[in-house]
Amino acid sequence: MDAERRQTLEETTRWDPGAIEQRVFQRWIEGGWFHPPAEGTPAQNYSIAIPPPNVTGALHMGHALNGSIQDALIRLNRMRGRNTLWILGTDHAGIATQAVVEKQLASQGTSREELGRERFTERVWEWKEQYGSTIVEQYQRLGASCDYERERFTLDEDYVRAVYKVFVDLYEKGYIYRDNYMVNWDPGLRSAISDLELENREVTDTLYEIAYPLESGGELVVATVRPETMLADTAVAVDPNDERYRDVVGEHAILPLLERPIPVIADEHVDPEFGTGALKITPGHDPNDFEIGRRHGLEEIVVIGEDGRLIPPAPDRFVGVTTAEAQKAVVEELRDKGLLRGEEPYTHSVPFSHRSGERIEPLISLQWFCRMYELAKPAVKAVKEGRVRITPDGALRQYLHGMENIPPWTLSRQLWWGHRLPVWYRGDETYVGEEPPGGDGWEQDPDVLDTWFSSALWPFATLGWPDTNTPEFKAFFPTDVLVTARDIISLWVARMIMTSLEFTEQVPFEDVYVHSVIQAPDGRRMSKSLGTGIDPLDEIDEHGADALRFGLLAMTSTQDVRFSQARVQQGRDLANKMWNASRLVLMEARDDVEPGPRSGRVEDRWIASRLQRAVRSVSESIEEYDFSHAALDLYEFFWSELCDWYLEIVKPRLYDGDEDASATLLWALEQVLALAHPIMPFVTEEIYSYLPSPSAEALVIHPFPELDEGLIDQSAEGEIGQAIALTRALRRWRQLAGIPVKQVLAARTDDGRPHELVSRLAKVEFSEDGGEPIASVAGVELLETEGIDPEAVAARIEERREKLRGEVKRGEGKLSNEGFVAKAPADVVDAEREKLAAYRAELEELGG
RNA sequence: GGGCGGUUAGCUCAGUUGGGAGAGCACUUCGUUUACACCGAAGAGGUCGCCGGUUCGAGCCCGGCACCGCCCACCA
């Protein structure tokens, strides 16, 4: 170590991540370690495709957890020597991106309509070039070891080719079709949107009861919150088993205001308990009515346009007004005619557009769909056969549940930003193909595909598919694991499995790990609009990326969890502890020794053994996707066993230049840095650069520690374990007796062992002779010493005796229970007998 | 309405096939011993949501109840 580095080490008493993290990251990039060669086979290699963040996005806490998990897996496997690729890319995010750019245009006093489609699309691309890398840079701050040289985008030329091929193939196989269907229409965006983009809100409307006269006389009273849609009514429905209406089914009612006869039909959907038990049917403007209409072959009349205003065939007096105005006018007319039979407030949940905030208008429109039922079958089979394993079980059940009765997927979106449908029309002709058709007069469909359509191809389209001969595809597909949150299992995970099986005949990944959703500390959803968001970049600025990574991993669980600042601080404290413990070792250890475990002294064998157990538990936890235990076990080993006990035990030897102590410590440090690296890459890499004789160029490619069974030493663990227990008992007694920290106590023990460690750690001096015993603690007699409060000591002893009497009583009770002795396993009973004997012996020693 | 999960220390969460309840933070006391006060030592704190059952023995298994989340489908 040169003098300057040594000085830095001596002076820097706190781990200060700020500048160091950026420098360390730069070194990783320059080393090329995140950019693997496209060699080897998928079975040998390890790969993960990142869930592509929206190109408009900013890193939020969900990304931070998702990225921390994947990076831990990627780093672990890279250190294990596997050729490892973390596929990076962004999603064009049709609606979100278009909205951002439109907002920008609005502030410049223009609009997309004014620019026209071509110039608008150019503007979005410009925006993407300028701002699209923001979130990628933010992943770097987290330390994510993605391959930044192979970044992909869902609108890359090659990617578009994959999307078109899939669309055309599915069309030719008969899965994709065009139809009139009811969609969620967003009048603000003027586009159909998917169910995912909805948000249900509680709304209080008025429930109106309206009389529909019957042709034969009498009337049917229906209940509705949307009287204006009666202008498109084509039937009235009742429950088939409803006695009240048995006679009128098959008759006609006269639709008020329009004076048009409509049939009275019977349908199971109608709930006879609700309202009057009669339901007006508007197939053109209500999803349920649409289904009923299709079942009964009813006409689908549309009176609400794409802008949310009424259109013909609504009567002229309503055309052009908003639905709210139309409702008011319709109610007035009904009231005048004496047909309004009741109105009362009614609270129900209503879908709103997540994007524009407007109330969804269910509309019938001509859209492209994909039938999912057949595609879902093999995807269910693959999971049931274990070719794709979904962890945890709850997520597996959710996947299977979502695959039952999977509805057709609305593919088309009335947007400009995205993959334009590979569909052309000329008159009544329709052409579907990857290239435009020959001949004049063809016009391409103006719609674009749902963003999830391209996302569904992510794991293979990013590797070059449909060309299955690219080096990347051959080396890295199928990928190993997909890491995501619960909310997009059906929307994304299931669709990737379906498309992959259909087009590559392989599963896209072998494992799916579904992690927690991080909620705000108060249990609400973390969101910008609620003001409950916590910015991961703020946490990184304040505590460092390692701290955030540790905290998030320690927090995560099989259920959703509340964000815990304390866990991030625990991570920060651990990074600092690592830095300082390493300073001690690096400053004091001899650098002329060969690092390695030494077996001459029991404490050296002990730490080597305990390290093996930490290696085992941390490795197994990560392999089982149990990141919380991995993080906390690492913490426990480093803080408690390595620092609190081993370092304190070997300090004198270290200062004396003991060779074994230096060798063991340097070895243990290198091992534990490697063990911690997948979770806390920055601080471990930085410390690694100070090691006198590192075995690799950088920690990021240092071999991950492997369990060495030969170093597990039961007897050393027993011996040091006892010394620790005795030390703690003595310290406890000292504190209780009010003995000053520095006061050395005279003591005597009859087990013949020197207890050198205990002597130093508990500040007692063992001798063969000496004064009168004043107390006995765990087999050690403490002798009279100046400055001890005899009453406190007596109280302490009595407290212990009392406890022992209780234990003895409990043990005796248990062992005299015939049921226990007869039915409990033998080892449980034996353990109980041993405990009882030990308690009796100690009680005896303390005078009964 | 259907499905999944939760209820354990003041807070956030662990708790292996049933065999004496744990961590971090917060709290109390002591401590500036040549890595670290983002530190060290010690301590206090829990009828494991409620009721019943199975068992020699239940935080864990079974039944019921009460709250709280999430997902899907939504009665106009």
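Just so we're on the same page: letters track the sequence lines, and every chain starts at 1.
Residue A:S490 has no polar side-chain atom (N or O) positioned under 4.0 Å from OP1 or OP2 of B:C71. Applying the 4.0 Å criterion to OP1 and OP2 of B:C71, one finds that A:R486 has every side-chain N and O outside that range.
Between A:E807 and A:R810 a salt bridge is recorded (basic side-chain N to carboxylate O distance below 4.0 Å). Salt bridge annotation for A:R653-A:D656: absent, with no cationic side-chain nitrogen under 4.0 angstrom from a carboxylate oxygen. Salt bridge A:E11/A:R6: absent, no basic N to carboxylate O contact under 4.0 Å.
Residue-to-nucleotide contacts include no donor-acceptor pair under 3.5 Å from the side chain of A:E648 to the base of B:G40. A donor N or O paired with an acceptor N or O is not found under 3.5 Å between the base of B:G20 and the side-chain atoms of A:K814.
Helical stems involving RNA chain B, defined as 3 or more consecutive Watson-Crick or G-U pairs under 3.5 Å, span B:1-7 with B:66-72, B:10-13 with B:22-25, B:27-31 with B:39-43, B:49-53 with B:61-65.
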Within the sub-3.5 Å range, which N or O atoms of nucleotides 41-45 of chain B have a protein N or O partner, and how far apart are they?
| residue | atom | partner | partner atom | Å |
| --- | --- | --- | --- | --- |
| B:A41 | O3' | A:R731 | NH1 | 3.4 |
| B:A42 | OP1 | A:R728 | NE | 3.1 |
| B:G43 | OP1 | A:R732 | NE | 2.7 |

Strictly under 3.5 Å: I want the nitrogen or oxygen pairs between protein and nucleotides 2-5 of chain B, one per line.
| residue | atom | partner | partner atom | Å |
| --- | --- | --- | --- | --- |
| B:C4 | O3' | A:R397 | NE | 3.4 |
| B:G5 | OP1 | A:R397 | NH2 | 2.6 |

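Ranking B:G31, B:A14, B:G19 by closeness to the A:S557 side chain, first place goes to B:A14. For A:Q519, taking side-chain heavy atoms from C-beta onward, the closest of the listed nucleotides B:G69, B:A76, B:C38 is B:G69. Residue A:K577 has its side chain nearest to B:G40 when only B:G40, B:C38, B:A23 are considered. The side chain of A:W639 sits closest to B:G40 out of B:A14, B:G40, B:U12. Looking at the side chain of A:Y635, the nearest of the listed nucleotides B:G24, B:C39, B:C56 is B:G24.
Atom name P, nucleotides B:A26 and B:G64: the rounded distance is 43 Å, in whole Å.
When heavy atoms are screened at a 4.0 angstrom cut-off, A:Y346 is found touching the sugar-phosphate backbone but no base atom.
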